[in-house]
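A short write-up of the structure that comes next.
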Amino acid sequence: MTAQTPEHDEAHGGGLGSRLNWLRAAVLGANDGIVSTAGLVVGVAGATDERAALLTAGLAGLLAGSMSMAAGEYVSVSTQRDSEEAALATEKRELATEPQAELIELTELLEGKGLDGRLAREVAEQLTEHDALRAHAEVELGIDPDELTNPWHAAGASFLAFTVGALLPLLAIVLPPTGQRLWITVLAVLVALALCGWSSARMGAAPVRRAILRNVAGGALAMGVTYAAGSVLGAVGV
């Protein structure tokens with residue numbers, strides 16, 4: 001009877017961490033879309049129950065928020081990519097002008113990771129022979145030269161995540177009948193925030209209950225404050 005090789009489905013490599021970061025960013029972007037748009041439309045609902053006013057405010061908040069998120073993410077990630085490219089260019093120049101010094105540096109870095117001196121030297125030489133720039137980029141800089149951050153991907157993901165999140169309170173406030181809009185919106189938002197809190201906690205291996213309570217409490221506070229402000233402004237005719 002032939003022994004079977006046990007299956008091992010655990011994911012390895014930097015791709016897993018990258019995917020988790022994107023998922024976490026998407027959840028947080030959707031969370032921002034839910035909270036900011038809910039606060040806006042609930043605040044307007046405190047002043048008026050006209051569907052046109054609610055739709056206008058919600059759409060304006062959705063577009064402004066999603067564009068702002070996309071632009072901010074693009075600028076931030078572009079700066080990060082520029083820094084990564086500059087660091088790689090510096091490393092490439094040093095490898096061309098001071099190869100021996102770079103080999104010593106790589107050896108010391110590997111020793112710092114727990115290898116003994118002789119083994120660290122041997123590994124450094126083999127890595128350098130195979131791909132010196134990649135070795136220094138990954139060990140010294142923590143950069144994968146083939147997977148530099150992409151600002152357009154980041155901007156698009158932020159835009160989409162915020163838009164998806166913002167659509168929920170927008171639809172919840174304009175589709176139901178007048179007398180049911182507010183409580184349906186509040187309930188839908190709190191459920192969505194609970195799901196966002198659960199998702200972010202699961203991906204970050206954090207306590208789920210605390211994340212859900214924090215998310216729901218923050219959203220409820222935001223809607224309560226904006227609704228109160230809208231009610232006051234509506235009462236005084238502003």
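Note that this is a predicted model, so its numbers are computed, not measured.
For the atom pair Ser83 OG and Leu141 CG, the distance stands at 11.5 Å (nearest 0.5 Å). Note that OG of Ser68 and CG of Asp32 are 10.0 Å apart. Values are rounded to the nearest 0.5 Å. Note that the CZ atom of Phe159 and the CE atom of Met69 stand 11.5 Å from one another [nearest 0.5 Å]. Taking CG from Leu88 and CD1 from Ile143, the interatomic distance works out to 5.0 Å, rounded to the nearest 0.5 Å. Rounding to the nearest 0.5 angstrom, the gap separating the CG atom in Leu103 from the CD atom in Glu108 is 10.0 Å. Taking CG from Leu182 and CD1 from Ile184, the interatomic distance works out to 10.0 Å, rounded to the nearest 0.5 Å.
Checking side-chain atoms of Thr226 against main-chain N and O of Gly39 turns up a donor-acceptor pair under 3.5 Å.
Annotation for Leu127 and Ala135: closest pair CB-CB, 3.8 Å, computed over non-hydrogen atoms. Thr107 and Ala124 get closest at one heavy-atom pair: OG1-CB, 3.4 Å. Of all non-hydrogen atoms in Ser78 and Pro151, the two that sit nearest each other are OG-CB, 3.2 Å. Between Pro176 and Ile173, the closest heavy-atom pair is CD-C, 4.2 Å. In plain terms, the two heavy atoms of Ala57 and Val44 that are nearest each other are CB-CG2, 3.7 Å. Across Gly46 and Tyr227, no two heavy atoms sit closer than the pair CA-CE1, 3.4 Å.
Residues Val41 and Leu62 are members of one and the same hydrophobic cluster, defined by side-chain heavy-atom contacts under 4.5 angstrom among Ile, Leu, Val, Met, Phe, Trp and Tyr. Hydrophobic clustering keeps Ile34 apart from Leu213 (ILVMFWY residues linked when any side-chain heavy atoms are closer than 4.5 Å, directly or through intermediates). Leu167 and Leu55 fall within the same hydrophobic cluster, where Ile, Leu, Val, Met, Phe, Trp and Tyr residues are linked whenever their side-chain heavy atoms come under 4.5 Å apart, directly or through other members. Linking ILVMFWY residues whenever their side-chain heavy atoms come closer than 4.5 Å, directly or via other members, places Val123 and Val139 in the same cluster. Following chains of ILVMFWY side-chain contacts shorter than 4.5 Å, one cannot reach Val77 starting from Met67, and the two form parts of different hydrophobic clusters.
You'll find the side chain of Leu54 stays beyond 4.5 Å of the side chain of Leu170, heavy atoms only.
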Please set out all donor-acceptor pairs under 3.5 angstrom arising from side-chain atoms of residues 110-118, sequence neighbours excluded.
from   : atom 1 : to     : atom 2 : distance (Å)
Asp116 : OD1    : Arg118 : N      : 3.2
Asp116 : OD1    : Leu119 : N      : 2.9

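Residues forming a side chain to side chain contact (heavy atoms under 4.5 Å, CB included) with Val208 (at least two apart in sequence, or on another chain): Trp198, Ala201, Arg202, Ile212. Residues satisfying the side chain to side chain contact (heavy atoms under 4.5 Å, CB included) test with Leu171, not counting sequence neighbours, are Leu175. With sequence neighbours excluded, the residues that form a side chain to side chain contact (heavy atoms under 4.5 Å, CB included) with Met223 are Ala38, Val42, Val186, Val189, Leu190. Under the side chain to side chain contact (heavy atoms under 4.5 Å, CB included) criterion, Ala229 pairs with no residue, sequence neighbours left out.
Within the structure, the ring pair (Phe, Tyr, Trp, His ring centres under 6.0 Å) test picks out no pair touching residues 93-137 (sequence neighbours left out). Screening residues 59-104 for ring pair (Phe, Tyr, Trp, His ring centres under 6.0 Å), with sequence neighbours left out, gives Tyr74-Trp152. Sorted by first and then second residue, the salt bridge (charged side-chain N to carboxylate O under 4.0 Å, His left out) pairs involving residues 82-105 (not counting sequence neighbours) are Arg81-Glu85. Within the structure, no pair that satisfies the side chain to side chain donor-acceptor pair (under 3.5 Å) test touches residues 180-191, not counting sequence neighbours. Applying the ring pair (Phe, Tyr, Trp, His ring centres under 6.0 Å) test to pairs two or more places apart or on separate chains, none has a residue in residues 90-122. Judged as a side chain to side chain donor-acceptor pair (under 3.5 Å), the pairs with a partner in residues 206-224 (not counting sequence neighbours) are, in order, Asn31-Asn215. Residue pairs satisfying the salt bridge (charged side-chain N to carboxylate O under 4.0 Å, His left out) criterion with at least one member in residues 122-142, sequence neighbours excluded, are listed as follows: Arg121-Glu125, Asp131-Arg134, Arg134-Glu138, Arg134-Asp144, Arg134-Asp146.
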